[in-house]
Amino acid sequence: LAIIRHLGGVPGGLGVSRIARELGLNPSTCFNLLKTLVHEGIVDFDDQTKTYMIGLGLVALAKGSLEQASHARMVRGHLQAIATDHGVTATLWQRSAGERVVLIDRADSDATVQVHMAIGQRLPMYLASLGRCFAAHSGLSRQQLRERFDALRWDDPPSFRDYLASVEQARLCGYSTDINHFAKGVTTASAAVL
């Protein structure tokens with residue numbers, strides 16, 4: 001599990017020596033664990049770069065768990081109603097480890113143009129409109145928010161001043177929007193479920 005968590009927290013792949021070193025594992029033990037994870041489809045191995053990365057098998061495992069999550073089942077009807085009534089893609093995100101959020105449910109409309117996001121997809125917690133909602137309830141200082149904001153990748157980043165103002169608006173109003181900053185041509189609207 002430590003190997004899976006470690007690979008899930010880094011972009012791209014890592015070699016067995018680096019994984020073993022960073023996790024304090026015996027390289028031989030680490031190699032055997034990785035071999036098993038590859039066999040089970042949880043981890044993928046790239047023959048050319050000799051690196052390991054999270055595989056789609058993990059998503060399949062997580063999907064079964066996410067589909068059974070009671071809070072996701074409870075709001076499924078509401079999520080579908082939002083998608084259908086407004087012709088949008090409605091998503092439900094949950095905070096996960098490492099200041100990330102994971103998509104745990106999605107409802108689509110029959111609109112001609114749709115935004116597709118895969119269950120299990122992860123994003124930085126403070127990004128887009130959902131990030132402003134998380135930031136509004138985070139208890140982080142202005143400096144701490146600035147550090148997190150500076151690490152985010154946007155298509156068209158807002159100024160930090162505008163970001164802070166929208167975080168405060170999310171705190172007061174209970175929702176936030178992001179127009180073209182997270183992804184050009186995409187508007188997101190979010191509300192925190194506390």
Side-chain angles (χ1 to χ4, degrees), residues 4-14 53-56 58-59 61-63 65-67 69 71-72 75-76 78-80 82-83 86-109 111 113-194:
I4 294 168
R5 284 190 188 102
H6 190 63
L7 289 174
V10 296
L14 296 175
M53 62 212 73
I54 291 294
L56 293 178
L58 187 60
V59 175
L61 281 175
K63 188 174 186 297
S65 173
L66 292 172
E67 287 173 348
H71 60 280
V75 298
R76 181 71 172 119
H78 298 292
L79 205 60
Q80 189 59 60
I82 291 169
H86 300 284
V88 298
T89 298
T91 57
L92 180 63
W93 297 82
Q94 182 173 326
R95 183 178 181 170
S96 65
E99 294 193 343
R100 307 278 290 175
V101 293
V102 62
L103 180 61
I104 62 170
D105 201 3
R106 177 192 80 238
D108 297 306
S109 69
V113 176
Q114 297 181 2
V115 174
H116 178 75
M117 302 180 90
I119 301 295
Q121 178 177 346
R122 298 178 335 141
L123 290 174
M125 188 163 66
Y126 299 109
L127 190 63
S129 60
L130 68 87
R132 290 167 173 92
C133 290
F134 276 106
H137 299 284
S138 68
L140 294 174
S141 70
R142 179 186 174 108
Q143 180 58 38
Q144 290 169 318
L145 273 178
R146 179 64 196 234
E147 291 166 6
R148 279 138 178 100
F149 175 83
D150 288 343
L152 297 173
R153 285 190 231 144
W154 309 74
D155 270 3
D156 183 22
S159 69
F160 182 64
R161 181 179 176 175
D162 289 345
Y163 180 80
L164 270 184
S166 59
V167 167
E168 184 57 27
Q169 180 185 8
R171 188 182 345 268
L172 296 172
C173 301
Y175 71 93
S176 182
T177 59
D178 179 277
I179 303 171
N180 294 321
H181 292 294
F182 168 57
K184 288 183 183 176
V186 175
T187 297
T188 63
S190 299
V193 180
L194 304 173

Inset, instruction - Mind running side chain to side chain contact (heavy atoms under 4.5 Å, CB included) on Arg171 and Val167 for me, showing each step along the way? - result: CA-CA 6 Å; Arg171 188 182 345 268; Val167 167; 4.0 Å; yes
Inset, instruction - Supply the atom-to-atom distance Phe182 CZ to Ser129 OG, rounded to the nearest 0.5 angstrom. - result: 9.0 Å
Legend entry - Interatomic spacing from CG in Leu123 to CE in Met125 - rounded to 0.5 Å: 12.0 Å
Inset, instruction - Identify the two heavy atoms, one from Leu92 and one from Leu103, that lie closest to each other, and give their separation to 0.1 Å. - result: O-CD1, 3.4 Å
Inset, instruction - Could you walk me through whether Leu130 and Thr188 pass the side chain to side chain contact (heavy atoms under 4.5 Å, CB included) test, one step at a time? - result: CA-CA 8 Å; Leu130 68 87; Thr188 63; over 6 Å; no
Legend entry - Minimum-distance pair of heavy atoms, taken over all atoms of Asp108 and Val115: OD1-O, 4.0 Å
Legend entry - Rounded distance (nearest 0.5 Å) linking atom OH of Tyr163 with atom OG of Ser176: 8.5 Å
Legend entry - Residue pair His137 / Leu194: nearest heavy atoms and the distance that separates them: CE1-CD1, 3.6 Å
Legend entry - Side chain to side chain, Trp93 and Ser190, heavy atoms closer than 4.5 Å: no
Legend entry - Test item: Leu79 and Asp105 side chains (from C-beta on) under 4.5 Å apart, heavy atoms: yes
Legend entry - Verdict with supporting geometry, Leu14 and His6, side chain to side chain contact (heavy atoms under 4.5 Å, CB included): CA-CA 10 Å; Leu14 296 175; His6 190 63; 3.7 Å; yes
Legend entry - Distance in Å, Arg106 CZ paired with Arg76 CZ, rounded so as to fall on 0.5 Å steps: 8.0 Å
Legend entry - Between OG1 on residue Thr91 and CE on residue Met117, distance to nearest 0.5 Å: 6.0 Å
Inset, instruction - State, yes or no, whether a side-chain contact exists between Pro157 and His181 at a heavy-atom distance under 4.5 Å. - result: no
Inset, instruction - Any chance you could measure Lys184, atom NZ, to Trp154, atom CH2, to the nearest 0.5 Å? - result: 14.0 Å
Legend entry - Where Ala83 and Ser109 come nearest, the two heavy atoms and their spacing: O-CB, 3.1 Å
Inset, instruction - Would you check if the side chain of Arg95 reaches a backbone N or O of Phe134 as a donor-acceptor pair within less than 3.5 Å? - result: no
Legend entry - Electrostatic pair Asp178-Arg132, nearest N-O below 4.0 angstrom: yes
Inset, instruction - Would you name the heavy atoms of Gly120 and Val102 that are closest together and state the gap between them? - result: O-CG2, 3.5 Å
Inset, instruction - Please test Asn180 against Asp155 for side chain to side chain contact (heavy atoms under 4.5 Å, CB included), starting from the C-alpha separation and ending with a verdict. - result: CA-CA 8 Å; Asn180 294 321; Asp155 270 3; over 6 Å; no
Legend entry - Shortest non-hydrogen contact from Tyr126 toward Leu152: O-CD1, 3.3 Å
